[in-house]
Q: 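The following block contains the structure, expressed as structure tokens.
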Amino acid sequence: MSVLWELGEATATEVRDRVDPHLAYTSISSMIRTLELKGYVSHRRGEGKTHVYFPAIDPEKAGESALQRVLDKIYGGSPIKLLAQLVEKRRLSEKELARMRDLLKRTKKRR
């Protein structure tokens, strides 16, 4: 997805070349088709039989969807467990920690 967001549109070969030129074309093509079936990618006809793929959702929407799946499937729907994992297992800068505190304070005020 990041390649399509960066380029705007690309063929499967162009995606493969950006991700890892050593990957099989069929692997990239299958991955793109799966993303298309899920509604994340769409395509138009290029030259000949070539398909040109483009993102059907923006990065923020995709991030929300992915995070929700991770939260539900890995952390049992618990944002506390997810936050604990982030804070305890990653080295966060003081600036990042301050930003997290600010976000938590603002959320508290909205409720």
Side-chain angles (χ1 to χ4, degrees):
M1 289 297 307
S2 61
V3 171
L4 294 177
W5 286 319
E6 181 184 330
L7 297 178
E9 62 179 29
T11 64
T13 300
E14 291 168 332
V15 171
R16 183 199 61 201
D17 291 347
R18 285 287 186 113
V19 172
D20 183 349
H22 299 101
L23 286 174
Y25 171 85
T26 53
S27 297
I28 293 295
S29 183
S30 293
M31 179 187 64
I32 292 172
R33 277 195 308 274
T34 299
L35 290 169
E36 189 168 23
L37 288 171
K38 292 183 175 189
Y40 300 134
V41 170
S42 193
H43 76 273
R44 65 173 176 78
R45 278 275 188 209
E47 294 180 30
K49 294 183 180 181
T50 304
H51 287 119
V52 178
Y53 298 95
F54 54 92
I57 61 170
D58 61 31
E60 293 77 22
K61 187 79 168 167
E64 289 172 16
S65 175
L67 182 58
Q68 190 61 54
R69 284 192 309 278
V70 167
L71 184 64
D72 292 342
K73 295 188 183 289
I74 297 175
Y75 296 101
S78 171
I80 296 297
K81 288 179 183 176
L82 174 63
L83 181 60
Q85 180 73 18
L86 281 172
V87 173
E88 293 172 4
K89 303 295 181 185
R90 278 194 75 141
R91 232 180 210 185
L92 299 171
S93 69
E94 283 302 318
K95 186 177 181 178
E96 290 169 318
L97 289 169
R99 175 81 172 120
M100 286 178 141
R101 285 185 202 101
D102 183 52
L103 287 169
L104 290 169
K105 283 179 188 173
R106 276 196 272 150
T107 300
K108 185 179 176 181
K109 286 179 185 177
R110 284 195 323 239
R111 294 179 184 222

Q: Listed by chain and number, what are the side chain to side chain contact (heavy atoms under 4.5 Å, CB included) partners of Phe54, not counting sequence neighbours?
A: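 Partners of Phe54 by the side chain to side chain contact (heavy atoms under 4.5 Å, CB included) criterion, ordered by chain and then number, come out as Glu9, Ser42, Arg44.
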Q: With the 4.5 Å side-chain cut-off for hydrophobic clustering, are Tyr25 and Ile28 part of the same group?
A: no
Q: Could you pull out all residues at least two apart from Thr11 that satisfy side chain to side chain contact (heavy atoms under 4.5 Å, CB included)?
A: Thr13, Glu14, Thr50, Val52
Q: Could you give the distance from OG (Ser65) to CZ (Arg69), rounded to the nearest 0.5 Å?
A: 4.0 Å
Q: Honestly curious: do Tyr75 and Leu104 fall in one hydrophobic cluster under the side-chain, below-4.5 Å linking rule?
A: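 Looking at the clustering, Leu104 is in a separate group from Tyr75.
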Q: Could you walk me through whether Glu96 and Arg90 pass the salt bridge (charged side-chain N to carboxylate O under 4.0 Å, His left out) check?
A: CA-CA 11 Å; Glu96 290 169 318; Arg90 278 194 75 141; 5.8 Å; no
Q: Could you please spell out the steps behind the side chain to side chain contact (heavy atoms under 4.5 Å, CB included) verdict for Leu67 and Leu82?
A: CA-CA 10 Å; Leu67 182 58; Leu82 174 63; 3.6 Å; yes
Q: Minimum heavy-atom separation for Arg45 and Lys49, please, with both atom names.
A: NH1-O, 3.5 Å
Q: What distance do Lys38 atom NZ and Ile57 atom CD1 have between them, rounded to the nearest 0.5 Å?
A: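 The CD1 atom of Ile57 is 11.0 Å from NZ of Lys38, to the nearest 0.5 Å.
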Q: To check you understand the geometry: which heavy-atom pair defines the closest contact between Leu23 and Arg16, and what is its length?
A: O-CD, 2.9 Å
Q: Distance check, rounded to the nearest 0.5 Å: Arg99 atom CZ versus Ser93 atom OG?
A: 12.0 Å
Q: What's the shortest heavy-atom distance between Gly8 and Pro55, and which atoms?
A: O-CD, 3.3 Å
Q: Mind telling me whether Tyr53 and His43 have parallel, tilted or perpendicular rings, with 30° and 60° as the class edges?
A: tilted
Q: Going by side-chain heavy atoms closer than 4.5 Å, which hydrophobic residues are tied to Leu92, directly or by a chain of links?
A: Leu83, Leu86, Val87, Leu97, Met100
Q: Knowing that exactly one of Leu4, Asp20, Leu7 qualifies, which makes a side chain to side chain contact (heavy atoms under 4.5 Å, CB included) with Val15?
A: Leu4
Q: Give the intermediate values and the outcome of side chain to side chain contact (heavy atoms under 4.5 Å, CB included) for residues Ile32 and His51.
A: CA-CA 11 Å; Ile32 292 172; His51 287 119; over 6 Å; no
